[in-house]
Each structure stands twice: as structure tokens, then as C-alpha cells.
There are 2 protein chains.
Amino acid sequence: MTNSSARRSYHHGDLRNALARAAAGLAASGGPDAVTIRGAAREVGVTPTAAYRHFANQADLLLAAQDLAITGMAAAMAGHLSQVPSEGDPVDLAVARLLSTGRGYIQFAVEEPGIFRTCFTGYLDRPEGSDPDLPGRAPYALLGEMLDQLVEVGYLAPEDRPGAEAGPWAAVHGLAMLLIDGPLRGITRAEQEAAVDRTLAMTVRGLATGPEAERRRDR
Amino acid sequence: MTNSSARRSYHHGDLRNALARAAAGLAASGGPDAVTIRGAAREVGVTPTAAYRHFANQADLLLAAQDLAITGMAAAMAGHLSQVPSEGDPVDLAVARLLSTGRGYIQFAVEEPGIFRTCFTGYLDRPEGSDPDLPGRAPYALLGEMLDQLVEVGYLAPEDRPGAEAGPWAAVHGLAMLLIDGPLRGITRAEQEAAVDRTLAMTVRGLATGPEAERRRDR
DNA sequence: CTCCAATGTGAACGCCGTAAACTTTGCAGG
DNA sequence: CCTGCAAAGTTTACGGCGTTCACATTGGAG
């Protein structure tokens with residue numbers, strides 16, 4: 001886990017990135033609370049105060065770890081999504097893509113709880129009117145595409161499209177939180193998968209407001 | 001904020017409860033991370049080490065704060081639920097009660113984020129096969145009753161009842177988390193309410209698998 | 001070649017959790 | 001009544017954390 005590239009000179013040369021990577025590693029194993037200036041510095045083999053040449057404070061370092069975490073999560077979800085077959089009935093396909101996105105989200109949370117939690121930490125003390133393109137929005141954008149496709153194929157009613165992200169995102173995010181940090185932690189793997197299936201089924205059914213969805217229900 | 005009952009003698013007499021209440025206060029204003037042995041002791045006007053006569057460690061104190069937090073949350077939700085009218089169409093009523101429960105959950109999270117977060121913290125390092133009646137299950141039980149009622153009135157199909165808690169709970173919990181700690185933090189109140197409405201609507205629609213639900217859809 | 005700005009180190013402060021040794025106190029039994 | 005013990009607080013101390021300030025080293029611009 002320790003960074004292999006030993007420091008050769010007084011000046012590190014890439015300390016900022018090295019610290020950020022170390023911070024991400026700490027986050028992966030211990031969650032955001034484990035992201036510590038002293039810990040990251042120790043990992044890199046440098047004095048704690050050196051970190052202050054590159055990060056304003058611990059929150060700033062955590063932010064860098066968060067960037068890496070979000071990148072990792074986006075990559076994992078993209079990989080998961082890419083395995084969905086791309087041929088077949090358009091409605092089935094759009095639904096399958098939404099399901100895959102949700103499943104990928106939850107699976108990442110369960111497999112990498114530290115990173116997942118790091119993705120969604122630190123919004124508390126963010127400067128007021130700061131970057132509206134907040135991190136953590138990557139899944140949001142991806143979800144938006146899925147919903148657009150659902151509208152295109154007639155599964156989701158167009159009038160229900162605006163603001164439709166909230167529901168599915170909440171369902172998937174909530175289940176992830178309950179599974180890794182909450183009261184559902186510790187349930188068996190089978191129970192876990194059942195909970196995921198039930199939640200996704202409810203979500204998909206809850207979005208079925210379009211004409212194509214009605215037609216399918218009547219069959 | 002400081003506890004008014006000043007200590008009159010060397011022995012406090014009710015230090016454990018006083019510390020627990022102080023811890024809950026800290027949790028309310030600063031979340032679970034603010035629950036600190038030294039902080040609670042300071043609040044009560046006692047030496048930090050005195051706390052160790054009543055709590056094994058900081059996690060133990062946090063657990064006590066969590067108990068109070070969960071009690072408070074349950075009370076708030078019960079109060080919210082009690083305002084639902086008790087007469088009218090049975091299906092409407094059952095749905096209204098589910099909606100009120102969900103709305104109460106989210107509203108409490110938004111109004112008391114520190115307490116809410118404290119309710120769902122500390123599951124990470126809980127002893128392995130400990131109390132299966134985990135805290136945080138109170139909402140779970142309440143939700144179970146709502147779902148039972150939905151089955152009774154024919155809105156939710158009986159075969160979909162087992163394990164049906166996961167979906168609604170996840171949706172409501174997830175939205176709460178996104179609103180208070182996540183990327184949805186900082187949206188306007190109107191946007192917030194829209195997100196809640198959309199999420200609850202999706203949830204209720206997603207549970208509509210019973211005969212009575214179909215009949216209503218056809219009208 | 002020189003000097004300065006960037007980048008690192010060392011020592012120190014106050015906060016935290018926690019342990020060990022000590023002190024105060026209420027109360028049980030003679 | 002009084003004696004002594006166990007319960008409940010206090011004092012002191014350790015290490016880890018974030019953070020600051022003064023200082024050391026270095027690479028590269030002029």
C-alpha cells in the first residue's frame with residue numbers, strides 16, 4: 001500500500017498527487033474519517049507540515065481524496081453498465097440500463113464502502129455559492145441519460161421527466177447507505193440481493209407512467 | 001444549552017444520564033462527530049475521566065446519545081403521523097399514512113440533521129452477533145405496519161409483502177441523506193419539496209401491485 | 001554565480017481518547 | 001456513633017490529531 005517511489009531528494013517533485021493518492025488509500029480502507037494529514041504524510045514519507053504547502057487543511061486534502069473517489073466510482077459504474085447487452089427490445093433495453101446503473105451504484109458501495117462514503121462527505125462545510133457542478137453529480141448525470149432514454153421509448157411519461165432523478169437516486173443511494181452504514185448492515189448476502197431486487201423493482205415500477213409501460217402492464 | 005442543574009456535592013447523583021443528555025445535545029448541534037467524552041464532561045461540569053465510571057469509551061457514550069436520538073426521531077414521526085385524518089376511503093387512508101410516515105422521516109432529517117445522522121451511526125464497529133433488535137429499526141417496524149395496512153386494503157399484493165420494507169425505506173432514507181449530507185444539500189426549499197413529492201410518488205406507485213391499485217389505475 | 005521563491009523540516013500548542021494512581025464521599029455493619 | 005470499604009470523582013500523563021511559526025534546503029531565473 002505504501003507508495004513505492006521513494007523520495008530521492010529533498011524536494012519530492014510530485015508531493016501533492018502523492019498525498020492525494022495516499023489520502024484516497026486511507027479513505028478506501030477506513031472511510032473519510034481515516035483521511036488525515038499526518039497519515040497521508042506518513043504514508044508518503046514526509047513531514048506532516050509539508051502537506052500544508054499543497055493543501056490548505058485536512059478538509060482540503062479530503063476534497064482531493066473525494067475527487068479520486070468519485071472518479072473511481074464513475075469508472076466502476078461505467079464498467080458495470082458496459083456489460084449490458086445493446087440489442088433487443090428498446091424498452092427492455094432502457095430498463096435494463098437503468099437497472100444496471102442502480103445495481104452498479106449499490107455494488108460499488110458494498111464493495112468499496114470507504115470510497116463510497118468518501119464520495120458523499122464534506123458537503124457540510126463547502127463554501128456557500130460554490131461550484132454548482134458539485135462532485136457526486138456524475139451519477140446524477142448518468143441517471144439523467146437513463147431517464148431520457150426511458151422517455152424516448154415511452155416507458156416514462158415526458159411530463160414526469162423533469163425532476164425524475166430524485167426518486168431513483170434516492171432509492172439506490174438509500175439502500176446503499178442502509179447496507180453499508182445502517183441497520184441493514186450485517187444481513188446475509190442473499191438478503192442483501194433480495195433487498196436490492198425489491199428496491200429496484202419498486203423503482204422501475206414507480207417510473208412506469210408512459211404509454212408503453214401501460215401497454216406492457218395490460219399484457 | 002449548558003445543563004442548569006449545578007452539581008452540589010462531590011457526587012453528582014445522576015451523572016450517567018446527565019452525560020448522555022449532554023452527548024445528545026452535542027449530537028444535535030454537531031452530529032455524531034461532535035459527541036466527545038471531554039465535551040460532554042465539560043458540559044456537565046465534571047472531569048473527563050469521571051465519564052469512564054459510566055461509559056466504557058467514546059463509542060459507548062455515542063451509543064447512549066444514539067438511543068436518545070432514536071427516541072426523539074420516533075416521537076417526531078409519531079407526532080407527524082397522528083395528524084393524518086382517520087376517516088375516509090381505506091385505500092386513500094393507508095396510502096396517506098405511508099406518505100405521512102415518509103414525509104415525517106425526511107422532515108425530521110432536514111430539521112434535525114445532527115440527530116438524524118446520529119441515529120444511523122456506529123453500526124460499523126458493533127459486536128458481531130449483537131442485539132438483532134438494532135436501533136434504527138423503530139422506523140422499520142412503523143413502516144412494516146403501514147405496509148401491512150396496504151396489503152389489507154388491497155393496494156399492495158400479499159405476495160409482494162415479504163421484504164417490501166427495503167424499497168420505501170431506501171427511498172426515503174436516501175433522499176434524506178442526499179438532502180442533508182449529499183449533493184442535494186443547498187437546493188431551495190421548493191426544489192426540496194418537489195424532490196420529496198416526486199420520490200414519494202414514485203414509491204407509492206412502485207408499491208401498487210394489488211388488485212385495488214389496478215382498479216384505481218383504470219379509472 | 002547568486003539569490004530568491006518554492007518546498008521541505010522541527011518544535012510547539014491545544015484538542016481529543018484513555019489509563020493509572022489518588023481523593024472524596026455515602027453508607028453498611030459493628 | 002464510628003469505622004472502613006466501595007463507588008464516584010480528580011489529577012496527572014501519554015500518544016495521536018490539526019495547525020502554526022520559525023528555520024533549512026534546494027532548484028532555477030537573472
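Since the structure is predicted, the reported quantities are computational estimates derived from the model, not experimental observations. By convention in this document, chain letters (A, B, ...) are assigned in the order of the sequence lines, proteins followed by strands, and residues within each chain are numbered from 1. The analysis underlying the following values was restricted to heavy atoms, covering all of them including side chains, and did not include hydrogens, waters or symmetry mates.
Spacing between atom CG of B/Leu26 and atom P of C/dC15 amounts to 15 Å, rounded to whole angstrom units. Rounding to whole angstrom units, CG of residue B/Leu61 and P of C/dC16 are separated by 13 Å. In this entry the distance linking CG of B/Leu62 with P of C/dC16 reads 15 Å, nearest Å. Regarding B/Asp14, its CG atom lies at a distance of 12 Å from the P atom of D/dA8, rounded to whole Å. Whole-Å rounding puts the B/Tyr52 OH to D/dA13 P distance at 18 Å. Atom CG of B/Leu19 and atom P of C/dG17 are 12 Å apart (whole Å). Between B/Leu15 atom CG and C/dT25 atom P the separation is 16 Å, expressed in whole Å. One interatomic measurement links the two molecules: CG of A/Asn57 to P of D/dG18, which rounds to 10 Å at whole-angstrom precision.
In this structure, of C/dT9, D/dT10, D/dG16, it is D/dG16 that holds the atom nearest to the side chain of A/Arg42. If you check D/dG16, C/dT18, C/dT7 against the side chain of A/His54, the one that comes closest is C/dT7. Minimum atom distance to the side chain of A/Thr49 is reached by D/dT20, of the listed D/dA8, C/dT7, D/dT20. Taking the side chain of B/Thr47 as heavy atoms from C-beta on, and the options D/dT19, C/dG10, D/dT10, the nearest nucleotide is D/dT10. Checked against D/dC21, C/dG17, D/dT10, the side chain of B/Gln58 finds its nearest nucleotide in C/dG17.
Listed by residue number, the members of residues 30-40 of chain B with any heavy atom below 4.0 angstrom from DNA chain C are B/Thr36, B/Ile37, B/Arg38.
B/Leu142 has its side chain within reach of B/Leu81: a pair of non-hydrogen atoms, C-beta onward, lies under 4.5 Å apart.
Classified by interplanar angle (parallel below 30°, tilted 30° to 60°, perpendicular above 60°), the ring pair B/Phe116/B/Tyr105 is perpendicular.
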Would you tabulate the side-chain donor-acceptor contacts of residues 193-201 of chain A under 3.5 Å, counting partners in other chains and residues two or more places apart, or write 'none'?
residue, atom, partner, partner atom, Å
A/Asp197, OD1, A/Arg103, NH1, 2.9
A/Asp197, OD1, A/Arg103, NH2, 3.4
A/Arg198, NH1, B/Asp160, O, 3.3
A/Arg198, NH1, B/Pro162, O, 2.5
A/Arg198, NH2, B/Asp160, O, 2.5
A/Thr199, OG1, A/Ala195, O, 2.8

> Yes or no on side chain to side chain contact (heavy atoms under 4.5 Å, CB included) for B/Leu61 and B/Val35, after CA distance, side-chain angles and deciding distance?
Replying inline: CA-CA 8 Å; B/Leu61 175 65; B/Val35 174; 4.1 Å; yes
>> Under the criterion side chain to side chain contact (heavy atoms under 4.5 Å, CB included), I'd like the reasoning laid out for B/Tyr155 against B/Gln149: C-alpha separation, chi angles, the key distance, then a yes or no.
In response: CA-CA 9 Å; B/Tyr155 188 87; B/Gln149 292 178 13; over 6 Å; no
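Between A/Phe120 and A/His173, the ring centre distance stays below 6.0 Å.
Looking at A/Asn57 and A/Asp60, their side chains never bring a donor and an acceptor atom within 3.5 Å of each other.
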